[in-house]
Amino acid sequence: MVRLREDLLLDGPVDAAMTVVLAHGAGAPMNTPFLNSVARGLAAAGGVRVLRFEFPYMRARRQGGGRGAPDREPILRNAWKEVVEELGGGKRVVIGGKSLGGRIASLVADEVGARGLVCLGYPFHPPGRPEKLRTEHLEALKTPALIVQGTRDPFGSPDDVAGYRLSPAIRVVWLEDGDHSWKPRASSGRTEAQNMADALAAIREFLTAL
C-alpha cells in the first residue's frame, strides 16, 4: 500500500478501490466548506477515498507566509505530478479539483496517464473576459473527463461553452442557476444542497463508468 503524505487530507477508506485526488481553487485552501462537502459526499457513498492537497503557495499561506499570489504554472503542474507519482501513478487515480486546481489537473492529465479527470467549476475564461480562453488543451484531451458547472458561472456559461471545441472525452454537467461554487439564487427555487447532491450523483456515475 502507498504510504500517504502527512499533508494530505483523507476522506474514505485508505484501501478503497477508487482514489480521487482534488486540489483547491486559487484563493482558498483545501478544507473549504465546498471541498469538504464534495470530498465527504463522495467518500460517504463507499468504495472511494478522496485525497486533497495544497499547492506550495497555499501551504506557505497556511504556515504564516502571507497571502502571496498563486505559483507560476510550471510549479503548479509539478505539484500535481509529484502527488500523482507518490500515489503510484496516474492509472491509480482520478484527478481534479476546484477551479484552478481542476484546470491544472486538466493540463497534466494526459501526461500522467490519469484514470479520469473531474473539474468542479472549470475556469474557461476570467469573468468578463470571454476572449481570454483556457480551452486549447481541452480540444485534444484524451483522459475521460467530467466538468460540473453552474449555469450562472461567470467563468463559463452554457452559451459560452456551446461555442467551444471540446474533446469528445469531456462531458459537461450543468447545475441549474449555480454560480462558480454551484450556489443558486434563492429566487431560483433551487437550493445549494440540491445542486451539491446533483453534482455528487453525476461524479459518482462518472467514476463508476471508468
Side-chain angles (χ1 to χ4, degrees), residues 1-32 34-65 68-123 137-138 141-148 169-170 200 203-204 206-210:
M1 183 177 66
V2 177
R3 186 176 183 276
L4 300 181
R5 282 173 24 175
E6 293 181 356
D7 62 340
L8 294 177
L9 278 183
L10 168 66
D11 290 277
V14 173
D15 58 350
M18 175 76 70
T19 298
V20 178
V21 189
L22 300 176
H24 54 85
M30 63 182 172
N31 59 342
T32 60
F34 176 88
L35 283 175
N36 286 343
S37 294
V38 172
R40 293 167 185 171
L42 290 177
V48 177
R49 68 170 177 172
V50 182
L51 298 172
R52 286 175 277 170
F53 77 97
E54 290 179 339
F55 294 118
Y57 79 94
M58 191 60 71
R59 291 202 303 270
R61 288 187 189 182
R62 188 181 292 279
Q63 296 164 5
D71 301 305
R72 292 179 295 108
E73 187 177 296
I75 295 174
L76 299 174
R77 286 183 183 231
N78 284 337
W80 253 121
K81 288 188 283 189
E82 287 173 2
V83 170
V84 171
E85 183 178 353
E86 289 175 19
L87 293 174
K91 291 184 179 180
R92 299 176 61 92
V93 297
V94 175
I95 65 176
K98 179 76 179 82
S99 197
L100 172 72
R103 182 173 74 84
I104 301 302
S106 73
L107 287 166
V108 303
D110 284 355
E111 181 181 354
V112 302
R115 184 172 177 178
L117 169 70
V118 177
C119 296
L120 314 172
Y122 187 85
H137 67 290
L138 298 180
L141 186 74
K142 296 181 176 61
T143 305
L146 176 68
I147 297 175
V148 185
I170 299 172
L200 290 172
I203 297 169
R204 292 187 198 109
F206 172 73
L207 296 178
T208 299
L210 292 176

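- Side-chain N/O atoms of Ser106 and His137 include a donor and acceptor closer than 3.5 Å.
- Residues Leu117 and Gly102 share a closest heavy-atom pair of CD1-O, 4.2 Å.
- Rounded to the nearest 0.5 angstrom, Met30 CE and Phe53 CZ are separated by 10.0 Å.
- With contacts defined as side-chain heavy-atom distances shorter than 4.5 Å, the pair Glu73/Leu107 qualifies.
- Under the 4.5 Å side-chain criterion, counting only non-hydrogen atoms from C-beta, Leu120 is in contact with Phe34.
- Leu35 contributes atom CG, which lies 9.5 Å from atom CG of Leu9 (distance to the nearest 0.5 angstrom).
- Listed here is the closest heavy atom pair of Ala145 and Leu141: CB-CD2, 3.7 Å.
- The side chain to side chain donor-acceptor pair (under 3.5 Å) test with Glu54 singles out one residue from Arg62, Arg59, His24, and that residue is Arg62.
- Here the shortest heavy-atom pairing between Gly116 and Phe206 reads CA-CZ, 4.5 Å.
- Side-chain contact between Ile203 and Val20 is absent, with no heavy atoms from C-beta onward closer than 4.5 Å.
- Remark: Leu87 CG to Leu51 CG distance equals 6.0 Å, nearest 0.5 Å.
- In this structure, Phe55 and Tyr57 have parallel ring planes: the angle between them is below the 30° cut-off, well short of the 60° mark.
- Ala39 and Asp11 get closest at one heavy-atom pair: CB-OD2, 3.6 Å.
- In the displayed structure, Glu85 atom CD is contacted under 6.0 Å by at most 12 heavy atoms of other residues, nucleotides or ligands.
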Problem - Criterion side-chain contact (heavy atoms from CB on, under 4.5 Å) on Arg204 and Leu42, from CA distance to verdict - result: CA-CA 7 Å; Arg204 292 187 198 109; Leu42 290 177; 4.0 Å; yes
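- For the pair Asn31 (side chain) and Asn36 (backbone), a donor-acceptor distance under 3.5 Å is absent.
- Contact detail for Gly97 and Leu22: the closest heavy-atom pair is N-CD2, 3.8 Å.
- Taken from CG in Leu200 to OG in Ser37, the straight-line distance is 8.0 Å, to the nearest 0.5 Å.
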Problem - CA sep, side-chain torsions, deciding dist, call: Leu100, Leu76, side-chain contact (heavy atoms from CB on, under 4.5 Å) - result: CA-CA 9 Å; Leu100 172 72; Leu76 299 174; 4.0 Å; yes
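- Rounded to the nearest 0.5 angstrom, Arg115 CZ and Leu210 CG are separated by 6.0 Å.
- Gly25 and Met58 make their closest contact through O-CE, 4.4 Å (heavy atoms, listed as atom of the first residue, atom of the second, distance).
- Between Arg49 and Val14, some side-chain heavy-atom pair lies under the 4.5 Å cut-off.
- Summarising the local packing, NZ of Lys142 is surrounded by 12 or fewer heavy atoms from other residues, nucleotides or ligands at distances under 6.0 Å.
- Taking the side chain as every heavy atom from C-beta outward, Arg77 and Ile104 approach each other to under 4.5 Å.
- Separation of atoms CD1 (Ile147) and CZ (Arg103) is listed at 12.5 Å; rounding is to 0.5 Å.
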Exercise for the section: Give the intermediate values and the outcome of side-chain contact (heavy atoms from CB on, under 4.5 Å) for residues Val84 and Val21. Expected result: CA-CA 8 Å; Val84 171; Val21 189; over 6 Å; no
